[in-house]
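One structure is given below, encoded as structure tokens.
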Amino acid sequence: MFSFIAEYAPQLIVAGIKYTIPLALISFVFAVLIATIVAVLRSYRPHSQGFQLLIWKAIKFLAWFYVWLFRSTPMLVQLFVVFYGLPKLGISWLSPSAWASAIWVLSLNTGAYASEAIRAAISSIPDTQREAAAALGMTDLQIFMRIILPQAARISIPTLANSFISLVKDTSLASVVTLVEMFYLSQQLAAVSYDTLPMYSLVAALYALFVTILSIPQRYIQRWADRFIKAEG
């Protein structure tokens, strides 16, 4: 068993460091940006009238449709559609490579789920804070940027951390678009060695190791964010 681990673990770890972790980190950054924009659009209460109000309703509908679409379909199907399906329609610029396709799908899928967490955090802020800020003469944008979003970001940290953990594990699905990440390599090695159970047990242990290591910063980020609450108290 030790010889098996010594032979194959270094190859899998290199694949994880070279592909799995960068794929998860890049996709998560984009996912948080997408989620924040979508959550703000869906939570914003415009005081517009007439045509501007119709535009806002159309934007909110598009944001809702995006969340509905990516939460209602499996990520595996989304990967197949983007990597194999869209080029057939001549939309190859969205998926010029396996990397781009995986980042697109992982970012959009995770962003859809994360947007709901951020939107819930925004909704949890009492309306009295909005009213007090408006009474002080702050604009809607200033209220969102200075009052609502900082508090919502702190509340969202645990849920976003869970989304990141799920994203790290979901990178294994990128194997279906021929991206040689950790799980894809384990499949190739298992096909050669015929040691399927030990190989998949090893890659499962390495995923658990990577997730544990990548989860450590969450505690420090949460403590840093909670300092402001304690300071106010």
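Two residues are said to be in side-chain contact when any heavy atoms from C-beta on lie closer than 4.5 Å; F164 and V32 fail this criterion. Residues I221 and Q218 fail the side-chain proximity criterion, which asks for heavy atoms closer than 4.5 Å. Side-chain contact between I103 and F30 is present, with at least one heavy-atom pair separated by less than 4.5 Å. Counting only heavy atoms from C-beta outward, the side chains of L23 and W99 approach each other to under 4.5 Å. Between S27 and L167, the closest side-chain pair of non-hydrogen atoms falls below 4.5 Å. Under the 4.5 Å side-chain criterion, counting only non-hydrogen atoms from C-beta, E116 is in contact with R71. For the pair S193 and M199, the minimum side-chain heavy-atom distance is below 4.5 Å.
What you find for Y84 and V176 is that their closest heavy atoms are OH-O, 2.8 Å. Nearest heavy atom pair, residue A117 against residue S156, reads O-OG, 4.0 Å. Shown here for S186 and Y200, the closest heavy-atom pair between the two residues is OG-CE2, 3.8 Å. Nearest approach of L185 to A15, heavy atoms of both residues: CD2-CB, 3.7 Å. Nearest approach of A174 to A102, heavy atoms of both residues: CB-CB, 4.1 Å.
Interatomic distance, OG1 of T20 versus CD1 of I13, reported as 11.5 Å (0.5 Å rounding). The line from CZ of F28 to CD1 of I26 is 14.0 Å long, rounded to the nearest 0.5 Å. Here T212 contributes atom OG1 and I165 contributes atom CD1; the two are 8.5 Å apart, rounded to the nearest 0.5 Å. Here the OH atom belonging to Y8 is positioned 10.5 Å from the CG atom belonging to L202, to the nearest 0.5 angstrom. L214 contributes atom CG, which lies 5.0 Å from atom CD1 of I21 (distance to the nearest 0.5 angstrom). Rounded to the nearest 0.5 angstrom, T196 OG1 and L189 CG are separated by 12.5 Å.
Sorted by first then second residue, the ring-ring contact (aromatic ring centres under 6.0 Å, His included) pairs that include residues 126-157, not counting sequence neighbours, are Y44-F144.
For the pair Q78 (side chain) and F70 (backbone), a donor-acceptor distance under 3.5 Å is present. Listed for the Q129 side chain is no donor-acceptor partner under 3.5 Å among the backbone atoms of I125. Using a distance-only test at 3.5 Å, with no hydrogens or angles considered, a donor-acceptor pair links the side chain of Q11 to the main chain of E7. Panel note: side chain S115, backbone A112; a donor-acceptor pair is recorded below 3.5 Å. No donor-acceptor pair under 3.5 Å is formed between the side chain of S101 and the backbone N or O of A98. With T110 contributing its side chain and S107 its backbone, the two residues share no donor-acceptor pair below 3.5 Å. Judged purely by atom type and a 3.5 angstrom limit, Y19 has no side-chain atom pairing as donor or acceptor with the backbone of T171. Checking side-chain atoms of Q142 against main-chain N and O of T139 turns up a donor-acceptor pair under 3.5 Å.
More than 12 heavy-atom neighbours from other residues, nucleotides or ligands sit within 6.0 angstrom of OH on Y66.
A salt bridge does not link K18 to E181: none of the charged nitrogens lies less than 4.0 Å from a carboxylate oxygen.
With hydrophobic clusters built from ILVMFWY side chains whose heavy atoms lie under 4.5 angstrom apart, L33 does not share a cluster with I148. Transitive grouping of hydrophobic side chains (ILVMFWY, heavy atoms separated by less than 4.5 Å) keeps V29 and F210 in distinct clusters. Grouping the Ile, Leu, Val, Met, Phe, Trp and Tyr side chains by contacts below 4.5 angstrom, directly or via other members, places L89 with V82. The hydrophobic clustering, which links ILVMFWY residues whose side-chain heavy atoms are closer than 4.5 Å, places F65 and V38 together. Linking ILVMFWY residues whenever their side-chain heavy atoms come closer than 4.5 Å, directly or via other members, leaves V14 and V203 in distinct clusters.
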- Run the side chain to side chain contact (heavy atoms under 4.5 Å, CB included) check on R42 and V67 step by step: do they pass? CA-CA 10 Å; R42 296 189 67 193; V67 173; 3.9 Å; yes
- Task: Could you go through the side chain to side chain contact (heavy atoms under 4.5 Å, CB included) check for F183 and L173 one step at a time?
- Result: CA-CA 8 Å; F183 181 64; L173 294 175; over 6 Å; no
- Query: Going through the checks in order, is the side chain to side chain contact (heavy atoms under 4.5 Å, CB included) test met by N162 and S166?
  - Reply: CA-CA 6 Å; N162 287 334; S166 297; 5.6 Å; no
- Can you list the steps and then say if K60 with L41 is a side chain to side chain contact (heavy atoms under 4.5 Å, CB included)? CA-CA 6 Å; K60 286 194 171 192; L41 288 176; 5.5 Å; no
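Every residue was checked against the salt bridge (Lys or Arg N to Asp or Glu O under 4.0 Å) condition with R146, not counting sequence neighbours, and none meets it.
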